[in-house]
Amino acid sequence: MLEFRKGDLYIENVKLSDIAKEYGTSTYVYSKQQIVNNFENYKKAMALRDGLICFACKTNSSGAILKILVSLGAGADTTSGGEIYRCLKAGFNPSKIVYAGVGKTAEEIEYALKSKIFMLNVESFEELDVIDKIAGKLKIKANIAFRINPYVNPDTHSYIVTGKKGTKFGIPYEDAVKAYLTAKKKKNISVVGIHSHIGSQILEVEPFVVAAKRIKKIVDKVERHGMRISYIDCGGGLGIKYEKGEKVPSPKRLMSEIFSVFDKDKKFIVEPGRSIIGDAGHLLAKVLYRKMSGGKSFLITDAGMNDLIRPTLYDAYHEIVPVKKTNAKKVRSDVVGPICESGDFMGKDRMLPIVEQGEYLLVTCAGAYGTAMSSEYNSRPSLAEVLVDGKQTKLIRKRASYKDLMLNEIL
Ligand SMILES: *Cc1c(COP(=O)(O)O)cnc(C)c1O
């Protein structure tokens with residue numbers, strides 16, 4: 001949804017420099033149409049089987065974004081009580097909410113059960129005991145799936161690999177059948193599914209298929225014990241194109257290969273996050289200063305690592321584009337923020353034109369794990385978020401004020 005028209009960069013039908021002038025910077029800007037398109041791709045992929053598309057809302061939990069997904073028919077994949085709360089407020093049907101997480105507290109479990117969400121993805125034997133107890137207290141049966149660690153190692157950043165042996169996630173593969181047999185004996189537990197989520201920003205279908213085949217083996221073994229696993233929750237993790245030349249498989253290809261591993265009567269859940277919202281959101285920043293230091297050019301912007309931590313945390317690449325085309329000479333530059341950390345950068349060694357002071361840059365594809373991971377480090381108030389729909393813009397989160405910084409402090 002980004003396109004240059006007569007030298008100006010547009011998102012849908014709005015000039016990015018106009019957004020910067022109206023709402024200030026730094027600001028997250030989202031394209032509604034891109035969210036719709038991305039979701040529709042999953043709908044097409046899931047049309048072949050029965051099931052749910054649960055948006056992984058940890059990638060972006062802004063209420064207005066969640067509401068768009070509700071209107072498209074999405075369910076939600078949550079990781080905390082707070083996310084369940086946000087999803088209910090946004091209007092998600094609780095029967096379309098799933099909840100995973102290695103460290104669910106008793107309070108969160110009780111809240112999830114009382115909210116009647118679809119299922120809890122259980123990650124340890126001890127968690128199963130706690131859920132059984134709380135469900136008993138509430139006199140209900142808790143729907144669960146076990147999150148199984150299938151021991152596959154996708155080629156992605158080590159911080160976002162979750163399905164490898166030795167990570168904290170899920171029930172160890174060798175204990176999977178035992179977990180189901182344990183659940184069978186619990187009075188207040190009802191087994192509905194099996195779950196795996198192997199990692200994020202995965203650009204190949206193969207590790208998903210390897211994981212699916214390993215999960216299928218567990219399903220077969222468990223069902224031989226007279227239990228029934230209706231839902232296969234295959235997690236999220238499909239990558240997006242951050243850099244030119246990267247190839248990304250379509251949701252349709254991914255899902256059809258996963259479907260082919262399982263029997264026809266199975267229902268499926270998929271939990272895409274990044275591939276729904278990643279390329280729909282961008283971070284708009286202003287160049288405050290330019291300087292040469294140590295033989296290097298620096299573009300100092302008003303977007304810092306507190307606004308977008310992915311470059312710092314994962315060494316992630318985001319393409320950075322000036323919102324006005326210019327013939328200025330390109331030089332190798334670091335695009336940095338105002339934070340007092342050397343790790344505070346949006347991009348390093350980029351060939352960028354020497355833009356004027358006060359010009360705007362767009363840090364692209366920052367919709368996933370952008371605002372969601374932002375903080376007020378250096379006492380920088382949370383930034384604004386703007387949603388673009390055709391020619392229209394709408395402020396979906398106000399920029400915080402200095403006063404907001406001290407909201408819950410007791411002096
Ligand atoms: C983070 C996460 C997802 C979403 O991953 P993406 O790479 O953003 O698609 C899905 N399921 C679970 C359990 C997760 O933890």
Side-chain angles (χ1 to χ4, degrees), residues 35 38-39 41-42 45-46 51-61 65-66 69 74-80 82-84 87 96-104 112 117-124 127 144-150 152 154-164 167-171 193-205 207-208 211-212 215 231-242 246 248-251 254-255 258 268-281 310 313-314 316 365-373:
I35 299 172
N38 291 343
F39 191 80
N41 283 338
Y42 272 96
M46 290 295 277
L52 278 178
I53 305 163
C54 291
F55 173 60
C57 69
K58 72 168 187 277
T59 56
N60 192 311
S61 52
I65 304 276
L66 296 181
L69 288 150
D77 163 48
T78 60
T79 60
S80 70
E83 283 187 358
I84 295 173
C87 286
K96 290 184 176 179
I97 296 177
V98 298
Y99 175 23
V102 283
K104 303 178 190 78
I117 67 164
F118 182 61
M119 69 178 184
L120 283 82
N121 293 335
V122 181
E123 307 215 16
S124 67
E127 183 192 333
I144 66 125
F146 283 106
R147 176 173 182 175
I148 306 299
N149 184 338
V152 298
D155 178 22
T156 186
H157 192 282
S158 65
Y159 288 8
I160 51 177
V161 170
T162 56
K164 186 183 145 187
T167 65
K168 67 176 176 177
F169 297 98
I171 303 276
I194 191 163
H195 176 229
S196 77
H197 169 73
I198 56 175
S200 197
Q201 186 51 19
I202 300 166
L203 294 171
E204 270 142 29
V205 170
F208 291 102
I215 292 295
Y231 280 86
I232 311 293
D233 180 344
C234 45
L238 187 62
I240 63 166
K241 216 165 97 177
Y242 284 107
E246 270 175 334
V248 184
S250 69
L254 172 69
M255 293 315 297
I258 292 175
F268 289 83
I269 296 173
V270 62
E271 304 169 341
R274 190 191 307 271
S275 49
I276 298 282
I277 193 66
D279 63 357
R310 299 191 66 258
L313 186 60
Y314 309 125
C365 297
Y369 307 101
T371 25
M373 286 180 124

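Indexing begins at 1, ligand by ligand and atom by atom, following the structure's order. These figures come from a predicted structure and were not determined experimentally.
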Looking at Arg147 and Glu123, does any basic side-chain N land under 4.0 Å from a carboxylate oxygen?
yes
Who are the residue neighbours of ligand 1 when the rule is a heavy atom under 4.0 Å from any of its atoms?
Ala56, Lys58, Thr59, Asp77, Arg147, His195, His197, Ser200, Gly236, Gly237, Glu271, Pro272, Gly273, Arg274, Tyr369
What residues form a side chain to side chain contact (heavy atoms under 4.5 Å, CB included) with Pro249, not counting sequence neighbours?
Val205, Leu238, Arg253
Mind checking what makes ring-ring contact (aromatic ring centres under 6.0 Å, His included) contact with Phe118, not counting sequence neighbours?
Tyr231
How far does CE of Met46 sit from CD1 of Ile269, to the nearest 0.5 angstrom?
8.0 Å
With sequence neighbours left out, write down each residue that passes side chain to side chain donor-acceptor pair (under 3.5 Å) with Asn38, or none if nothing qualifies.
Gln34, Asp279
Return yes if some donor-acceptor pair links the side-chain N/O of His197 with the main-chain N/O of Gly236 below 3.5 Å, else return no.
yes
